[in-house]
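Below: one structure, written as structure tokens.
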Amino acid sequence: MSAKKIAIANQKGGVGKTTTAINVGIGLAREGKKVLLVDFDTQGSMTKALGIKADALRHTICTVMDKALEGDSPEQLKCYMEEFVKLHQEEGVDFIPSNSILAGMENTLLDERPEVRNYILKGILDIYLEEYDFILIDCQPSLGILTLNAFCASDRAIVPVQAQFLALEGFEELIKTVRRVRKKLNPTIDIEGVLLTMTQKNTNMTRQISESLRDKYGRVLNIYQASIPYTVRLGECAQKGRSIYSHDRKSPAADAYMDIVREVMAYE
Ligand code: ADP
Ligand code: MG
């Protein structure tokens, strides 16, 4: 087993990254895969949406990174994570939580040498390569040093795009960043797919964004056939700390996310 590591990224906030990380992650677990979710956002939204009071946590991805920077060995880091950091969600995924303390890590990393600062997360996650089938990293809404760490730690990226006005603003920048990382920092990273989220049937907005995405990028990027419909059910999931599958299995969003799960499993 060698885990596939996938960053869920877009520097825009509110486009469905966290919702996608959780529902693709739990969807993979439902298909029998061993899944580790990593909250790598300074807001700890994924941690909260998995039912944990993020700001009360003393041990998070940030404290693991501190120890890695202090020179702890992989064995020491693993012991620490197993005992204090890693959590389990009842629907079958493990996760590494985050909270606002991670914000301070940006400056800490910027003080490090480039050979070190971009690869701290990779060093931590590679400890789990043989234990999981998939490791999904929920990135924060920026293209700063933390997201670069996520790209350096990943084999692929999934980019959720919200079917909304200005959805593609900044998209070019994101693609360029991934290309630059591939050239200079991590030759294996690639964009696996672009996922349209919060779509509304028969609206001009959804049609326009979908068309311009396919027109402009359809030849160079994989735009998933399935898209995630807008539904208040997904917002409710976050409040309850659950996935769409246990909250409302009949929701069209549950089927859509399972379509994406199958594409993720088939991707090679
Ligand atoms: P990001 O991680 O990119 O900031 P989130 O996944 O947190 O985005 O989603 C932003 C908000 O939109 C959250 O309140 C979430 O519950 C809601 N949301 C996400 N996907 C959908 C959807 N398909 N339909 C309706 N609301 C959604
Ligand atoms: Mg988020």
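Numbering starts at 1 and runs along the sequence shown. Order of listing sets the numbers, starting from 1, for every ligand and every atom in it. Note that this is a predicted model, so its numbers are computed, not measured.
Close approach of ligand 1 to V15 is summarised as follows: ligand atoms under 4.0 Å from at least one heavy atom of the residue are 1 (P), 3 (O), 8 (O). Atoms of ligand 1 lying under 4.0 Å from any heavy atom of I228, numbered from 1 in the order shown and given with element: 23 (N).
Summary of contacts: the protein heavy atom closest to atom 12 (O) of ligand 1 is M198 CE, 3.8 Å. Counting protein heavy atoms only, atom 4 (O) of ligand 1 is closest to G14 N, 2.7 Å. Closest to atom 6 (O) of ligand 1 among all protein heavy atoms lies T19 OG1, 2.6 Å. Protein heavy atom at the shortest distance from atom 25 (C) of ligand 1 is T231 O, 3.1 Å. What sits closest to atom 16 (O) of ligand 1 on the protein, heavy atoms only, is G235 CA, 3.3 Å. The nearest heavy-atom contact from the protein to atom 7 (O) of ligand 1 is T18 CB, 3.9 Å.
In this structure, Q164 CD and Y230 OH are separated by 10.0 Å, a value rounded to the nearest 0.5 Å.
Of all protein N/O/S atoms, those under 2.8 Å from the Mg ion (ligand 2) are T18 OG1, and waters are not counted.
Seen from the ring of F134, K33 does not count as a face-on cation partner, given the 6.0 Å and 45° thresholds.
Following chains of ILVMFWY side-chain contacts shorter than 4.5 Å, one can reach L146 starting from V116, so the two form part of one hydrophobic cluster.
The closest approach between a heavy atom of P229 and any atom of ligand 1 is below 4.0 Å. For the ligand labelled ligand 1, residue G13 lies inside the 4.0 Å heavy-atom shell. Close to ligand 1: G16, with a non-hydrogen atom less than 4.0 angstrom away.
Donor-acceptor pairing under 3.5 Å is recorded for the side chains of D94 and Y132. Using modelled atom types and a 3.5 Å distance limit, the side chains of T42 and Q140 yield a donor-acceptor pair. A donor-acceptor contact under 3.5 angstrom links the side chains of T20 and Y257, judged on distance only. Defined by atom type and a distance below 3.5 Å, a donor-acceptor pair is missing between the side-chain atoms of Q76 and E70.
Residue T47 forms a side-chain hydrogen bond (donor to acceptor under 3.5 Å, both in side chains) with just one option from D39, D41, T18, and that option is D39.
The N/O atoms of T197, backbone and side chain alike, include none that comes under 3.5 Å of an N/O atom in ligand 1.
Of the protein's heavy atoms, none falls inside 4.0 Å of atom 14 (O) of ligand 1.
Residue pairs meeting the ring-ring contact (aromatic ring centres under 6.0 Å, His included) criterion with at least one member in residues 170-209, sequence neighbours excluded, are F171-Y217.
Here S210 pairs with L196, R214 under the side-chain contact (heavy atoms from CB on, under 4.5 Å) rule; sequence neighbours left out. By the salt bridge (Lys or Arg N to Asp or Glu O under 4.0 Å) test, D248 is found to be paired with R233, residues two or more places apart in sequence or in another chain being considered.
Residue-environment remark: CD (E83) stays at or below the threshold of 12 foreign heavy atoms within 6.0 Å.
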